[in-house]
Chemist: 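Once you've had a glance at the structure underneath, I'll fire off some questions.
Just so we're on the same page: letters track the sequence lines, and every chain starts at 1. Only this structure's heavy atoms are used, side chains among them; waters, hydrogens and symmetry mates stay out. Small disclaimer: the values here were computed from a predicted structure and weren't measured.
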Amino acid sequence: MVRRMSQAPATARGASSQDDLAQLLARAGAGDRAAERAVLQRLSPAIRVFAARRLRGADAEDFVQDATLLLIAALRERRVSDPAAIGSFALGICRNLARERARAAERRAELWERFGPRDEDADPGPGLASGFRRVVLEDCFAMLTERARTLIRRAYVDGESNTEIARAMSLTEGNVRVIRHRALQQLRGCLEKPLPWSDA
Amino acid sequence: MSATSLEQLDDYVSRAMSDADAEAFEEALFDAAATGDAPELRFVDALRRGLGDLARRGTIHITLLLSEAEQFQRTSPMRVRMVDLDDYQGDPFDDVAAIDIGLVRYNVPLEGVKRVDVEFGTERTPTLYTIPEVRFDAANNCVVMCCEAELMMATLRANAIVRLFAVDGDERRLLREFRPAAP
């Protein structure tokens, strides 16, 4: 039976404790690329939503790439070994980067020369680009109401803020939030189920 | 505060959350990400990326007006094929493996219609699911559905029955039923 969301790799799924994270960090620092990818795989979603709140399109993608490269550099140089601090460390990278965006292009070129490019390092997401099978996401997205589809697209593809969406669609900001929250719950429920056609 | 609440993540991304609250939220968010205990974060992230992927390919649009579909077919870098089920002879999707995206034109009388729902089912399960409120082309009396070729193939393999309904308030009227032949 086809599951709608891909499973995380064993390295990420099994290691949820601080001890396991400490081991991952130690192995990553010792040059274990699989451990490095496992650490990145955990933190990448947070980095991407951090960027999504602040930036749109290619700017957001550039930001994620920069933050990821800085994190890779820190892991390889063993600048972070405390598992309890890795989240704050990654957040610090993001915040610093956000403050220093004017200098990002210069830094990126240097980092790419030193540490890149390797696709699996820069984009440690599982399997498909998103983690969802494209066809299943399309199927689930189609089942939303037209208004919910529009709200989700504006927020999650176009990067519009709640305020911008409410204004554009002549809705209150509260209504926009409620419709979007319900739509997300519906999508999550749908994406966890098998593709209807697999049983048809 | 849970860092992995779907609603909080949505508020964060959509900037419904204030900057002050976001700053505190980010601490919890990154900690949860680091410990691998953030399923909602992974969901939101995957959703954003997946929808972006559909948008780049053009299949985030469930239906298109006929003129939009024709332009999409001309300009998309994907292998796009439009099929008019009334005109096509034989198996409409015999070469579905050679395309990326299919545009399926359903000709239906749309005069006076306010809303169209498209229902998918099979002989065994009459209603598998419904796509509500699709955009339709009243001027050309058609609904052009846009979908990934893989999804098209899945529906064909299942011998999907497609029914288009006109909806007005609580009233639902069948406009037409389609039974495309499976390959």
Chemist: As an exercise: rank B:Asp11, B:Thr59, B:Val134 by heavy-atom pairs under 4.5 Å with chain A and give me the winner.
Modeler: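 The residue among B:Asp11, B:Thr59, B:Val134 with the greatest pair count is B:Asp11.
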Chemist: Check for a donor-acceptor pair, side chain of B:Ser18 on one end and backbone N or O of B:Asp21 on the other, with a separation under 3.5 Å.
Modeler: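 Yes; judged by distance alone, with no hydrogens or angles, the pair exists.
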Chemist: So, B:Glu171 side chain and B:Asp168 main chain: donor-acceptor pair closer than 3.5 Å or not?
Modeler: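 Answer holds: no.
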Chemist: One thing to verify: whether A:Arg48 and A:Glu61 come together as a salt bridge, which I'm taking to mean a side-chain N less than 4.0 angstrom from a carboxylate O.
Modeler: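 Salt bridge flag = no for A:Arg48 with A:Glu61.
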Chemist: Among residues 148-163 of chain A, which residues come closer than 4.5 Å to chain B, judged by heavy atom distances?
Modeler: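 The residues closer than 4.5 Å to chain B, in numerical order, are A:Arg149, A:Ile152, A:Arg153, A:Tyr156, A:Val157, A:Gly159, A:Glu160, A:Ser161, A:Asn162.
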Chemist: When you measure from the side chain of B:Ser14 to the backbone N and O of B:Asp10, does any donor-acceptor pair fall under 3.5 Å?
Modeler: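 Between the backbone of B:Asp10 and the side chain of B:Ser14 there is a qualifying donor-acceptor contact (under 3.5 Å).
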Chemist: Do you know which of B:Val13, B:Ile60, B:Val44, B:Val118 has the most heavy-atom pairs under 4.5 Å to chain A?
Modeler: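 Highest number of heavy-atom pairs under 4.5 Å: B:Ile60.
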Chemist: Taking A:Arg134 first and then A:Asp139, would you say they form a salt bridge - that is, a charged N and a carboxylate O separated by under 4.0 Å?
Modeler: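 No, no charged N to carboxylate O under 4.0 Å.
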Chemist: Could you have a look at A:Ile86, A:Thr145, A:Val39 and say which one has the most heavy-atom pairs with chain B under 4.5 angstrom?
Modeler: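 Heavy-atom pairs under 4.5 Å are most numerous for A:Thr145.
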Chemist: Picking from A:Arg95, A:Glu138, A:Glu164, which has the most non-hydrogen pairs under 4.5 angstrom with chain B?
Modeler: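 Between A:Arg95, A:Glu138, A:Glu164, the count favours A:Glu138.
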Chemist: Just checking, is any N or O donor in the side chain of A:Asn175 or A:Arg177 under 3.5 Å from an acceptor N or O on the other one?
Modeler: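 A:Asn175 vs A:Arg177: no donor-acceptor pair found between side chains.
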Chemist: If every non-hydrogen atom of A:Val64 is compared with every non-hydrogen atom of A:Ala51, which pair is closest and at what distance?
Modeler: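 Minimum heavy-atom separation between A:Val64 and A:Ala51: CG2-CB, 3.7 Å.
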Chemist: Salt bridge check: are B:Asp53 and B:Arg49 linked by an N-O gap of less than 4.0 Å?
Modeler: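 Looking at B:Arg49 together with B:Asp53, the answer is no, because their closest N to O distance does not fall below 4.0 Å.
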Chemist: For B:Arg115, is it the side chain, the backbone, both or neither that has a heavy atom under 4.5 Å from a heavy atom of chain A?
Modeler: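 For B:Arg115, neither part sits under 4.5 Å from chain A.
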Chemist: Under a 4.0 Å N-O cut-off, is there an ion pair linking B:Lys114 with B:Glu133?
Modeler: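 Salt bridge absent between B:Lys114 and B:Glu133.
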Chemist: State whether a side-chain donor-acceptor pair under 3.5 Å links B:Glu119 with B:Tyr129.
Modeler: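 No, no side-chain donor-acceptor contact under 3.5 Å.
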Chemist: Quick check on B:Ile62 against chain A: is it the side chain, the backbone, both or neither that has a heavy atom closer than 4.5 Å?
Modeler: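 When you check distances to chain A, only side chain atoms of B:Ile62 fall under 4.5 Å.
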Chemist: Can you say whether B:Glu123 sits under 4.5 Å from chain A via the side chain, the backbone, both, or neither, judging by heavy atoms?
Modeler: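 No part of B:Glu123 comes within 4.5 Å of chain A.
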Chemist: Does any heavy atom of chain B fall under 4.5 Å from the side chain of A:Ile47, the backbone, both, or neither of them?
Modeler: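 For A:Ile47, heavy atoms of backbone and side chain both lie under 4.5 Å from chain B.
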Chemist: Between A:Arg78 and A:Glu36, does at least one N-O distance fall below 4.0 Å, as a salt bridge requires?
Modeler: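 Salt bridge: no.
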Chemist: Can you see whether A:Gln185 engages A:Arg188 through a side-chain donor-acceptor pair at a distance of less than 3.5 angstrom?
Modeler: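 The answer is yes; a qualifying pair exists.
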Chemist: Looking at the rings of A:Phe50 and A:Phe63, which for Trp means the six-membered one, are their centres under 6.0 Å apart?
Modeler: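 Centroid separation for A:Phe50 and A:Phe63: below 6.0 Å.
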Chemist: Using non-hydrogen atoms only, which part of A:Glu173 is less than 4.5 Å away from chain B: side chain, backbone, both, or neither?
Modeler: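 When you check distances to chain B, no heavy atom of A:Glu173 falls under 4.5 Å.
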Chemist: Kindly determine whether A:Phe89 and B:Phe30 satisfy ring pair (Phe, Tyr, Trp, His ring centres under 6.0 Å), including the steps that lead there.
Modeler: CA-CA 9 Å; A:Phe89 186 87; B:Phe30 275 74; over 10 Å; no
Chemist: With a strict 4.5 Å heavy-atom criterion, list every residue of residues 139-148 of chain B that contacts chain A, or say none.
Modeler: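 Residues of residues 139-148 of chain B touching chain A at under 4.5 Å: B:Cys146, B:Cys147, B:Glu148.
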